[in-house]
Every structure is written in structure tokens, then in C-alpha cells.
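In this text, all values refer to a predicted model and were calculated from it rather than measured experimentally.
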Amino acid sequence: MGEAETPRVTIHEVARRAGVSHQTVSRYFRHNEGLKPETRRKIDLVVQELNYRPNLVARSMRTRRTNRLAITLPASTYLWPVRLLAAASTAAHAEGFQLEVVSMEGDPRARTERILELAGSGQVEGILSLTPLEIDPGASPVPIVVTGDYDDNLRSVNELADASPIREIIEYLASLGHRVFFHIAGTQTFASARNRKLLYEQTIRQHGLTSYGIALGDWSPQSGYDAVRGLPEGSGVTAIVAANDHVAMGAVRGALSRGWRVPDDVSVFGWDDEELGRFATPSLSTVAVDREVQGREAMAKLIAEIRGEPVPRSPSRSINRVIVRETVGPPPHACGELPV
């Protein structure tokens with residue numbers, strides 16, 4: 001004969017040992033903040049002692065709730081907003097929800113049809129879409145929140161495509177004495193790359209600075225390396241503004257391969273605050289993008305709609321922050337030198 005199965009601990013047993021009602025234990029697992037600290041402490045001890053976990057399946061059958069949410073994104077992309085997804089997942093779990101990532105094929109109309117099928121399946125209580133949908137808000141039985149910051153291929157738009165730090169970068173470099181700039185752009189099918197290129201041109205012109213030119217890169221380190229290697233001798237470039245950190249790191253390597261010192265001969269700025277750039281030698285000046293706050297705010301809005309609560313308003317702030325590190329310094333001509 002096999003071993004007898006250990007009886008499953010019930011909410012009533014937790015309540016008996018904690019000296020409270022089972023309704024109080026149920027409120028505890030709904031994260032109800034109305035419980036007294038001493039009551040919560042007693043339940044904490046019993047839950048830990050018994051390693052008790054609520055039966056979510058039974059709960060969903062009673063309440064017709066699944067405690068599950070979905071994040072949808074297009075299947076035809078290699079770009080995954082990992083930091084946003086991680087932050088959204090953490091926010092969902094903190095509120096007692098489980099999160100599924102679902103890829104959707106087809107154009108916006110086809111994805112909308114599939115998302116409405118998912119919404120009507122009873123499997124999820126709400127959906128967060130990272131790409132545009134052609135949807136009537138009243139057509140879905142569960143709340144659907146669409147972030148306005150990605151297009152059909154998860155390319156940044158709107159807030160994530162904000163290029164305003166380019167102006168701050170150029171003005172800071174100019175304050176150090178830089179006068180001749182070079183921009184290595186990202187792939188121009190991205191709104192973020194187009195916006196950075198456009199604002200670079202406008203800022204250079206408005207401040208009476210000189211742009212040696214713009215190299216159209218592809219977000220890769222190789223494009224940054226090739227662009228710098230392709231600069232002619234005596235170009236006079238002392239400041240390079242790269243489309244992202246990968247391009248910037250390629251640009252630094254290209255400069256060093258020519259015998260140029262960074263930042264003594266040429267300064268380099270990136271974008272994204274990639275972890276590798278923080279530990280590079282020299283460490284990379286960049287723009288930190290708070291994609292985590294985007295994920296948290298989008299998830300908070302979805303959960304508020306599910307619960308019928310007021311949707312929290314996003315504070316007025318920028319998700320971008322310029323960070324100056326070791327790849328930036330005064331231009332060499334301040335010491336009577338120019339890179340050759």
C-alpha cells in the first residue's frame with residue numbers, strides 16, 4: 001500500500017490556529033489593509049508554519065475571477081521590452097494577479113479580433129496590449145489597456161521616442177567647448193531614431209555649432225565602429241552623439257583603434273544606460289530610460305479599471321535622464337590639440 005496523502009490544509013484550519021474567523025483569513029489573502037497589525041501578524045505566523053497557499057482554482061470558481069491578466073504583443077518581432085514586462089509582472093503579482101505574455105499574429109485588425117476572443121474566453125480579467133488595436137472600448141467584456149508607446153513591431157513611439165535629451169547632451173558638450181559634432185543615427189524606420197536625428201540637426205543649427213555629418217547606422221556596435229573609422233583625417237570632430245549604447249561602444253572602439261583617446265581627443269554619448277556601458281573602460285555617458293515606470297503605470301491603470309477604481313494619473317515627468325560618465329570631457333583644442 002502507498003503512503004497516505006497528507007490532508008490539505010484549509011483556510012478554516014489557518015483561522016482556528018490564528019484565533020480568527022475564516023472571513024478574516026480571506027481578507028488577509030485579498031491584501032485588505034483594514035486588518036489590525038496584531039491580527040495580520042498572527043495570521044502571518046500560521047501561514048508560514050503550515051506553508052499554506054490559498055486554492056486559487058476554487059476561489060475563481062466561487063467568485064468567477066481568474067486572478068490572471070494577459071500582456072499581448074505582436075509575434076512578428078525580435079524586439080522584446082524585457083524591462084517593461086518585468087516591471088508590469090512585478091506590479092501584477094503585488095496585487096495578487098498572475099500574468100501571461102501572449103503573442104498575436106497579423107495586422108492590427110487581426111490582432112484585435114484575437115484579443116477580443118481572449119477577452120471573451122473567461123481566462124483573463126484584463127489585457128494590456130503593447131501595440132495599437134482597432135477596438136471599441138465597449139466591445140470587450142474585460143478591461144483592455146493599450147500603451148501608446150510601441151508600434152506594430154514594438155518600435156518606440158510617443159513617450160519612448162522622446163528625443164529631448166539630445167538637446168541637453170549637445171548643450172552640455174557645447175558648454176565644455178565642443179564645436180564640431182558627429183551623429184551616428186539608428187535605423188530610420190524607428191520614430192525614436194528619426195526624432196533624435198531631427199533634434200540633433202535643429203539643436204546644432206540653433207546654437208551655431210558645426211555638424212560634420214550624420215551616419216545612418218543600424219543600432220549595432222559595428223555601425224558605430226565603421227562610422228568613426230570612416231571619418232577623414234582632420235575632420236575636426238570632437239563630440240560624437242550615438243543613437244544608442246551599442247552604437248556608442250562601437251564608436252569608442254573605432255576611436256581607440258585610430259589612436260584617439262576617449263575623452264581626451266573625442267567625447268562619446270550613448271543612449272539606454274545598458275549595464276555593460278556602466279562597467280566599460282571608460283564608462284559610457286548615456287541617457288537612462290525608465291521603462292520600468294512605464295510598465296508599472298500601465299499595469300496600475302489596468303488593475304484600477306478591473307476593480308472599478310479611479311485610474312491613477314501619471315505624474316508629469318520625463319522617463320529620460322542624461323548621465324555623464326567617463327567618455328565625456330573638454331575638447332582637445334582647449335589644450336591646443338586636435339585628433340589626427
| field | Close side-chain approach of N244 to T286, heavy-atom, < 4.5 Å | value | no

| remark: One should read off an interatomic distance between R296 CZ and T90 OG1, to the nearest 0.5 angstrom, of 9.0 Å

| Would you call R68-E125 a salt bridge at under 4.0 Å N-O? | no

| said: Closer than 4.0 angstrom, basic N to acidic O: yes or no for E309 and K301? | reply: no

| task | Run the numbers on S235 and V180 for side-chain contact (heavy atoms from CB on, under 4.5 Å), then give the verdict. | result | CA-CA 9 Å; S235 67; V180 182; over 6 Å; no

| said: Checking the side chain of N195 only, and the main-chain atoms of A163 only, is there a donor and an acceptor separated by less than 3.5 Å? | reply: no

| Can V328 and L176 be said to form a side-chain contact (heavy atoms from CB on, under 4.5 Å), step by step? | CA-CA 9 Å; V328 166; L176 296 179; 3.8 Å; yes

| Applying the 4.5 Å side-chain criterion to the ILVMFWY set and letting contacts propagate, would I43 and L50 be lumped into a single cluster? | yes

| request: Quick one: pull up CE in M249 and OH in Y225 and give me the separation to the nearest 0.5 Å. | output: 16.0 Å

| said: Using side-chain hydrogen bond (donor to acceptor under 3.5 Å, both in side chains), reason through Q222 and D226 one step at a time and then give a plain yes or no. | reply: CA-CA 6 Å; Q222 187 68 52; D226 292 342; 2.8 Å; yes

| field | side chain to side chain donor-acceptor pair (under 3.5 Å) involving E117 - partner list, sequence neighbours excluded | value | none

| said: Test of understanding: with side chain to side chain donor-acceptor pair (under 3.5 Å), list the residues that count as partners of T210, not counting sequence neighbours. | reply: none

| Criterion side-chain contact (heavy atoms from CB on, under 4.5 Å) on Q202 and L199, from CA distance to verdict | CA-CA 5 Å; Q202 291 176 349; L199 191 55; 3.5 Å; yes

| said: Can you give me the closest heavy-atom contact between P310 and A304, atom names plus distance? | reply: O-CB, 3.7 Å

| Distance (rounded to the nearest 0.5 Å) between T203 OG1 and F181 CZ | 9.5 Å

| field | Verdict with supporting geometry, L118 and V124, side-chain contact (heavy atoms from CB on, under 4.5 Å) | value | CA-CA 8 Å; L118 176 62; V124 297; 4.2 Å; yes

| task | Taking the side chain as every heavy atom from C-beta outward, state whether R229 and S257 have any atom pair closer than 4.5 Å. | result | yes

| When you check the gap from the basic side-chain N to the acidic O, do K197 and E201 get nearer than 4.0 Å? | yes

| request: Identify the two heavy atoms, one from I214 and one from A185, that lie closest to each other, and give their separation to 0.1 Å. | output: CG2-CB, 4.1 Å

| Can you tell if the side chain of V46 reaches within under 4.5 Å of the side chain of V25, non-hydrogen atoms only? | no

| request: Group every Ile, Leu, Val, Met, Phe, Trp and Tyr by side-chain heavy-atom contacts under 4.5 Å, then state whether I323 and W271 land in the same group. | output: no

| message | Determine whether a donor-acceptor pair (N or O, by modelled atom type, separation under 3.5 Å) exists between the side chain of Q188 and the backbone of G186. | response | yes

| ring pair (Phe, Tyr, Trp, His ring centres under 6.0 Å) with H178: which residues, sequence neighbours excluded? | none

| Counting distance only, does the side-chain N/O of T72 pair as donor-acceptor with the main-chain N or O of V102 below 3.5 Å? | no

| field | R194: partners by salt bridge (charged side-chain N to carboxylate O under 4.0 Å, His left out), with sequence neighbours left out | value | none

| note | Rounding to 0.5 Å, atoms CD1 (I115) and OG (S140) come to a distance of 9.5 Å

| Checking T238 side chain against V266 main chain: does a donor-acceptor pair fall under 3.5 Å? | no

| remark: One should read off an interatomic distance between F269 CZ and I184 CD1, to the nearest 0.5 angstrom, of 14.5 Å

| What salt bridge (Lys or Arg N to Asp or Glu O under 4.0 Å) pairs are there with at least one residue in residues 213-222, not counting sequence neighbours? | none

| task | Check whether any side-chain heavy atom of N67 lies under 4.5 Å from a side-chain heavy atom of Q98, and answer yes or no. | result | no

| task | Treating Ile, Leu, Val, Met, Phe, Trp and Tyr as nodes and any side-chain heavy-atom pair under 4.5 angstrom as an edge, say whether V241 and L198 lie in one connected cluster. | result | no

Contacts under 3.5 angstrom, residues 167-174 side chains, donor-acceptor by atom type, not counting sequence neighbours:
residue, atom, partner, partner atom, Å
R167, NH1, Q206, OE1, 2.8
E171, OE2, H207, NE2, 3.0

| query | Which atoms form the tightest heavy-atom contact between V145 and A298, and what is the distance? | reply | CG1-O, 4.3 Å

| task | Decide whether L128 and V101 are clustered together by the hydrophobic rule: side chain heavy atoms of Ile, Leu, Val, Met, Phe, Trp, Tyr closer than 4.5 Å, transitively. | result | yes

| message | I'd like to check the ring pair (Phe, Tyr, Trp, His ring centres under 6.0 Å) partners of H22; sequence neighbours left out, ordered by chain and number. | response | H12

| field | Set of residues satisfying side chain to side chain donor-acceptor pair (under 3.5 Å) with respect to S283, sequence neighbours excluded | value | E326

| field | Any donor-acceptor pair under 3.5 Å from H246 side chain to P221 backbone | value | no

| All pairs passing salt bridge (Lys or Arg N to Asp or Glu O under 4.0 Å) where residues 271-286 contributes a residue, at least two apart | D272-R291, D273-R278, D273-R325

| said: Just to verify, what does R41 make a salt bridge (charged side-chain N to carboxylate O under 4.0 Å, His left out) with, not counting sequence neighbours? | reply: E38

| said: Using only atom types and a distance under 3.5 Å, with no angle test, would you say the side chain of S89 pairs donor to acceptor with the backbone of L85? | reply: no

| Which residues satisfy the ring pair (Phe, Tyr, Trp, His ring centres under 6.0 Å) test with F182, sequence neighbours excluded? | none

| note | Looking only at heavy atoms, the pair that brings V262 and A255 closest together is CG2-CB, 3.9 Å

| note | To the nearest 0.5 Å, atom CH2 of W260 lies from atom CG of L231 at 5.0 Å

| said: Tell me every residue that passes side chain to side chain donor-acceptor pair (under 3.5 Å) with E13, counting only those two or more places apart in sequence or in another chain. | reply: R16, R17

| said: Whether the side chain of R258 engages the backbone of V228 through a donor-acceptor N/O pair (distance < 3.5 Å, no angle test) should be reported. | reply: yes

| said: I'd like to know if L276 and L284 are part of one continuous hydrophobic network [Ile/Leu/Val/Met/Phe/Trp/Tyr, side-chain heavy atoms within less than 4.5 Å]. | reply: yes

